[in-house]
Each structure stands twice: as C-alpha cells, then as structure tokens.
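Encoded as structure tokens, the structure appears first; notes follow it.
We use all heavy atoms of the structure for the numbers below, so side chains are in, but hydrogens, waters and symmetry mates are not.
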2 protein chains.
Amino acid sequence: MSLPTDTADVYVGNSTFSDLSLPDIPDQPVPMTTNCKAREVVGRIGSKWAIYVISSLDEHTMRFGDLKKTIDGISQRMLTVTLRSLERDGLIRRTVYPVVPPRVEYALTPLGRTLLEVVSTMVHWTDEHMAEIGAAQSAYDSRPEPEPIEQ
Amino acid sequence: MSLPTDTADVYVGNSTFSDLSLPDIPDQPVPMTTNCKAREVVGRIGSKWAIYVISSLDEHTMRFGDLKKTIDGISQRMLTVTLRSLERDGLIRRTVYPVVPPRVEYALTPLGRTLLEVVSTMVHWTDEHMAEIGAAQSAYDSRPEPEPIEQ
DNA sequence: CGGGATCCCTGCGGATACTG
DNA sequence: CAGTATCCGCAGGGATCCCG
C-alpha cells in the first residue's frame, strides 16, 4: 500500500509537503501486479502496532489512555493513526462519551474479532517456533566464510 | 525489528554511512518492552515481500529468476535481501549448483512449511473479508464532516 | 544467471508543543 | 483526557552498475 504511483507530493527541500500528520485516505487503487490481497492484510495487521491494539482489545473495550499504557512503546500519534486506520477498516469501533473529561472507548467489531483469531494464530506460531528460528540464525551466523579461493 | 537503540550509524550529511546494501545481522536483542514476539513474526513475514516468496515456494522449489518473474514487482535487491533473511531464519533452503551458468534453487524448509500455513490463513481471511473492509472504508469516508459548531 | 555494492528518495514513525 | 499539528531522523527499498 501507499505505492509511489500518483501520490504526487509537492517536494520541497528535504521534506514532503503532504507531511501526512494524520492521513485520511492513504490507500491507493492497487497499482501492484501480483495478488496484492496478502499485501493488504500485512499492511493492515503488520503496521507495526495494529497487532498490539487488536490483541489488547481482546474481549474488553479500552480507553485511549489504557491502550497507551498497555502497549507502552507506542507514541500518541501512532496509537491515533493505528486506531483511525483500524476504525476505517471496520475492525474496531470508536465510542465517544460527551463528558467533561473526554472519554473515548475502543472495542473490536465482529469483523475485528475474526481478525483476532488470525493474529492469535500468528502469535501462537511464533511462540512455538521462535527457538527454532533463533537456532537457525545462530547456525547461519556461524557461516564458513566464503574463503577467497587463494591459489 | 531494527529499532534505533544502539545501531550507532555514522551519520554523514543526509545519508547513513552504513548504507546497508545487504544487512548481515540486522536483528536487535529485543529492546522493546511489550511482547515483541508478535512483532518478530510480523517483521518476518510482513517484510513486504516475504509473503510472496513463501507463497510462491508453496510445494515446488524455484530458481532466483523464477521467483523474480513470479513476484514481478520485486527488485533483485529486495528479492535477495528477503531470501537471505528467510534463509537465515531457517524458513527456506538455498541450494547452489556449481554449473557454468549459476543455478540456485530455493525451497521451503519444514519450518517454512508450517509458516506457509499461517500465511495461508491470513490470505484466506483477506479473501473472505476484503469486501467487508472495503465497505467499511467507503462508509467511513462518507464521514458526516465534524461540523464546526457555529453559534 | 545470481547476485554484490552504491546512490538516493520516500514515507514511517518518534518527539514535541498546542487545543477543546 | 484525547487528540492535532509540525518537524525531522532514519531505515526500507527502488534503480543502476558491475562481477564471477
């Protein structure tokens, strides 16, 4: 997603003019050739924070601050961006209570709950195979060193 | 992955000195606070091209050029980087045949085949719910426009 | 053919300051 | 509290050239 097809940002110096503080309609009309469906999923749940949000919302709804505290590596901006994106995709529902200290709650939609299962599958796979991957990496890093073929 | 903890790249002008043509040991010792396991999976299969490689290698082995032609949006560099990464993780196996025109074949390892199932789950989920997501997006983009609260 | 090495642009995402 | 608005570093990744 967000391929440089016709974004046509006004380039000024060393910064794009469309600095996208909070992007509204970022998705492009699919200029990719191959089956970009998978790309979309990854772009969605793999946006670095979406998984945490989805996982955190497992069952109970949460407020903005709660999510921020729970995920705790995330910045306000990225939490907002992620929540907006997930809301736009119909994966979470945002409820605003018009009270004096603003109260906003987020919860998974039925669709989001089905995605949670996929995410859980991924997390489960990781838990089971992380050791193998680590071992494979160690083995790989003990590379025989190409040996310049002197002679 | 690749969090800016202690990478300590020599910063020269507007470009990093460690231009990372082909990174060797990019993974960091987990400086994240939350359960970064999920992040690792996403970082792995969500590296924009890994899914295509994994999916393409479903069952039959493939040569470098075959993969490049199949995935077709990918650059040589990214295909190489992705293949190296997956090989290091023990997800694919690289076989070099010492013949005059070099012949290199890639195939999923047993571990990689288990990941393929996870990827398939994701792709399947996408196929089933893309319409819903699209509808949700359209609905969201027909936003009631916040109404500046005149008066 | 299968990459390795370089150069360079872009956009992701962090930090910070300000509003209702 | 729950955002919005800006600024900007930096790594991801494409284009290109070259090599065994």
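One can place CG of A:Leu67 at 14 Å from C1' of D:dG3, the figure rounded to the nearest angstrom. Spacing between atom CG of A:Asp72 and atom C1' of C:dG14 amounts to 15 Å, rounded to whole angstrom units. Between the C1' atom of C:dG14 and the NZ atom of A:Lys68 lies a distance of 11 Å, rounded to the nearest Å. When rounded to the nearest whole Å, the span between CD of B:Glu87 and C1' of C:dG2 equals 13 Å. For the pair A:Glu105 CD and D:dG3 P, the computed distance is 12 Å after rounding to whole Å. Going from atom CZ of A:Arg84 over to atom P of D:dA2 covers 12 Å, rounded to whole Å. As a whole-Å value, the separation of A:Tyr52 OH from C:dG13 P is 13 Å. A straight line from OH of A:Tyr106 to P of D:dC1 spans 14 Å, rounded to a whole angstrom.
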Give me, pair by pair, the N or O atoms of the protein and of nucleotides 14-17 of chain D that are less than 3.5 Å apart, along with how far apart they are.
unit_1: D:dG14; atom_1: OP1; unit_2: B:Lys48; atom_2: NZ; d: 3.4
unit_1: D:dG14; atom_1: OP2; unit_2: B:Ser75; atom_2: OG; d: 3.0
unit_1: D:dG14; atom_1: O6; unit_2: B:Arg77; atom_2: NE; d: 3.3

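Put simply, the side chain of B:Thr82 gets close to the backbone of B:Met78: a donor and an acceptor are under 3.5 Å apart. Listed for the B:Thr109 side chain is a donor-acceptor partner under 3.5 Å among the backbone atoms of B:Leu91. With hydrogens and angles disregarded, a donor-acceptor distance shorter than 3.5 Å links the side chain of B:Arg113 to the backbone of B:Leu108. Between the side chain of B:Ser56 and the main chain of B:Tyr52, a donor-acceptor pair closer than 3.5 Å is present.
Closest non-hydrogen pair, B:Lys68 versus B:Leu79, comes out as N-CD2, 3.7 Å.
Taken residue by residue, residues 93-101 of chain B places heavy atoms nearer than 4.0 Å to DNA chain C at B:Arg94.
A:Glu128 CD to A:Ile133 CD1: the interatomic distance, rounded to the nearest 0.5 Å, is 12.0 Å.
Using a 4.0 Å cut-off between a side-chain N of Lys or Arg and a carboxylate O of Asp or Glu, A:Asp141 and B:Arg88 qualify as a salt bridge.
For the pairing with A:Leu57, the side chain to side chain contact (heavy atoms under 4.5 Å, CB included) check across A:Val53, A:Ile54, A:Thr61 returns one residue only, A:Val53.
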